[in-house]
Amino acid sequence: MPSPTPLAYWRDAPAFGRIRLYQGDITKLDTEAIVNAANTSLLGGGGVDGAIHRAGGPAILEACRQIRARQGGCQPGAAVLTTGGRLPARYVIHTVGPVWQGGHKQEPELLACCYRHSLALAEQQQVASVAFPGISTGIYGYPKAEAAAIAVREARAFLGEHAFPGTVVFVVFDEEARRFYEQALQA
Ligand code: AR6
């Protein structure tokens, strides 16, 4: 048996109430769920989507195909749940962020919906922990500081309004993104 991929130590990451900020690769996290920045096709792509499908294997794509057959993909702002396949995480929640078009095409509202709907699925599954990448902040071009502020605002609002007892982990890839989250979390 090959030895398992070393898990990321997200439990030791800085805590801001029930939110943690972890810098690294989301595919290594053994949070019960991780969130994918998918596209409307649900058939995979680049960025974190590509990394999640590569690491999780074909079971994730197969589950996505079944969802497509049932409901024809996933609209921006919505979220769907699949197995985590071979990932350390049990579930993947796929959400589709808005493509940044200057900020007047409902991008902030759609991005907020991504966090709300993903957290609602996490609550439905009663997961103990859920990790988010910066939805829309890569290929889709959403400004990172604004996106971090929305992510933090929505997570705090959700944790305040719901009985969901889980931990929310924000996963950042680089120092710049980390600073934006720290600013939002300390505000
Ligand atoms: N772990 C954590 N964060 C990551 C990882 C990783 N392994 N890889 C990238 N990031 P993106 P989007 C960060 O482009 O902007 C795909 O093709 C990255 O630094 O993955 O929502 C989909 O199929 C950035 O901050 O997602 C869609 O077509 C963030 O994750 C499109 O890209 C999101 O970057 C979605 O674009």
Side-chain angles (χ1 to χ4, degrees), residues 5-10 13-14 19-31 33-57 60-61 63-65 67-68 72-80 82 84-89 91-103 105-118 129-152 154-155 168-185:
T5 317
L7 297 175
Y9 290 109
W10 63 269
I19 299 176
R20 283 179 186 270
L21 182 57
Y22 176 83
Q23 188 171 351
D25 180 355
I26 199 168
T27 66
K28 303 279 197 295
L29 265 64
D30 66 341
T31 44
I34 66 170
V35 177
N36 181 20
N39 60 59
T40 55
S41 80
L42 293 177
L43 294 179
V48 74
D49 194 9
I52 286 173
H53 279 279
R54 268 196 306 280
I60 300 177
L61 188 58
C64 284
R65 285 192 201 282
I67 293 167
R68 258 174 78 83
C74 183
Q75 289 313 300
V80 299
T82 69
R86 292 197 297 256
L87 290 169
Y91 303 110
V92 176
I93 295 168
H94 306 259
T95 189
V96 180
V99 177
W100 179 255
Q101 297 176 76
K105 303 272 189 195
Q106 296 197 305
E107 296 96 322
E109 293 80 6
L110 287 169
L111 187 61
C113 281
C114 289
Y115 286 94
R116 290 272 174 158
H117 289 142
S118 298
S129 48
V130 55
F132 284 90
I135 307 295
S136 283
T137 63
I139 294 164
Y140 282 179
Y142 208 110
K144 290 189 179 209
E146 284 90 329
I150 290 172
V152 168
E154 292 305 321
V168 174
V169 183
F170 288 122
V171 182
V172 290
F173 231 22
D174 53 49
E175 278 299 321
E176 187 198 31
R178 169 189 280 277
R179 277 197 300 279
F180 291 140
Y181 273 93
E182 278 170 354
Q183 279 161 18
L185 286 161

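Both counts, for ligands and for their atoms, begin at 1 and track the order of listing.
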Enquirer: Over 60° means perpendicular and under 30° means parallel, so classify the ring planes of F170 and F132, tilted if in between.
Expert: tilted
Enquirer: Closer than 4.0 Å to some heavy atom of D25 - which atoms of ligand 1 meet that?
Expert: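 Within the 4.0 Å cut-off of D25, ligand 1 contributes 1 (N), 6 (C), 7 (N).
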Enquirer: Enumerate the atoms of ligand 1 whose separation from the nearest heavy atom of A37 is less than 4.0 angstrom.
Expert: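 Once the distances to A37 are compared, the set is 21 (O), 22 (C), 26 (O), 35 (C).
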Enquirer: Tell me which part of F173 gets within contact of ligand 1: side chain, backbone, both or neither, using heavy atoms under 4.0 Å.
Expert: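 Under 4.0 Å from ligand 1, F173 contributes side-chain atoms alone.
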Enquirer: Begin from the C-alpha positions of T95 and Y115 and carry the test side-chain contact (heavy atoms from CB on, under 4.5 Å) through to its verdict.
Expert: CA-CA 8 Å; T95 189; Y115 286 94; over 6 Å; no
Enquirer: Without swapping roles, check the side chain of H53 against the backbone of D49 for a donor-acceptor pair under 3.5 Å.
Expert: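 The answer is no, because no donor-acceptor pair under 3.5 Å joins these two groups.
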Enquirer: Any luck finding a side-chain donor-acceptor pair between H94 and T82 under 3.5 Å?
Expert: yes
Enquirer: Looking only at distances, can you tell me whether any N or O atom of V48, backbone or side chain, sits closer than 3.5 Å to an N or O atom of ligand 1?
Expert: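 Yes; at least one N/O pair falls below 3.5 Å.
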Enquirer: Please identify which atoms of ligand 1 are closer than 4.0 Å to at least one heavy atom of D49.
Expert: 22 (C), 23 (O)
Enquirer: Quick one: which ligand 1 atoms are inside 4.0 Å of a heavy atom on G47?
Expert: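 In order of number, 20 (O).
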Enquirer: Distance under 4.0 Å to a non-hydrogen atom of G134: what atoms of ligand 1 satisfy this?
Expert: 29 (C), 33 (C)
Enquirer: Is a donor on one side and an acceptor on the other found under 3.5 Å between the side chain of E107 and the backbone of G103?
Expert: yes
Enquirer: Check each atom of ligand 1 against the heavy atoms of G45 and keep those under 4.0 Å away; list them by number with element.
Expert: 17 (O), 23 (O)
Enquirer: For atom 14 (O) of ligand 1, tell me which residue out of V99, T40, I139 has the closest non-hydrogen atom.
Expert: I139
Enquirer: Identify the heavy atoms of A33 and I93 that sit nearest to each other, and give their distance.
Expert: CB-CD1, 4.1 Å
Enquirer: Just which atoms of ligand 1 are under 4.0 Å from any heavy atom in G46?
Expert: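 Those atoms are 16 (C), 17 (O).
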Enquirer: Taking N or O atoms only and a 3.5 Å limit, does G138 qualify as a polar contact for ligand 1?
Expert: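 Yes, G138 has an N/O under 3.5 Å of an N/O on ligand 1.
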Enquirer: If we check side chain to side chain contact (heavy atoms under 4.5 Å, CB included) with N36, which of these qualifies: I26, I135, V48?
Expert: V48
Enquirer: Grab the two heavy atoms, one from N39 and one from G44, that are nearest each other, plus how far apart they are.
Expert: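 Scanning both residues, the minimum pair turns out to be ND2-O, 3.2 Å.
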Enquirer: Among protein heavy atoms, which sits nearest to atom 1 (N) of ligand 1, and what does the distance come to when rounded to 0.1 Å?
Expert: I26 N, 2.9 Å
Enquirer: The test is salt bridge (charged side-chain N to carboxylate O under 4.0 Å, His left out); show your working for D174 and R179 and say whether it passes.
Expert: CA-CA 9 Å; D174 53 49; R179 277 197 300 279; over 6 Å; no
Enquirer: Can a donor-acceptor pair be found, under 3.5 Å and without considering hydrogens, that links the side chain of R20 to the backbone of P14?
Expert: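 Absent.
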Enquirer: Counting non-hydrogen protein atoms only, what is the nearest one to atom 24 (C) of ligand 1? Give residue, atom name and distance.
Expert: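 In this structure, atom 24 (C) of ligand 1 has T137 OG1, 3.3 Å as its nearest protein heavy atom.
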Enquirer: Between T27 and ligand 1, is there a nitrogen or oxygen pair with a distance under 3.5 Å?
Expert: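 In this structure, T27 places no N or O atom under 3.5 Å from an N or O of ligand 1.
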Enquirer: So between F170, Y22, Y140, whose heavy atom ends up nearest atom 27 (C) of ligand 1?
Expert: Y140
Enquirer: Going by the atom numbers of ligand 1, which of them fall below 4.0 Å from some non-hydrogen atom of G24?
Expert: 1 (N), 2 (C)
Enquirer: Yes or no on ring pair (Phe, Tyr, Trp, His ring centres under 6.0 Å) for Y142 and W100, after CA distance, side-chain angles and deciding distance?
Expert: CA-CA 5 Å; Y142 208 110; W100 179 255; 4.7 Å; yes
Enquirer: For atom 21 (O) of ligand 1, tell me which residue out of S136, P98, A51, G97 has the closest non-hydrogen atom.
Expert: S136
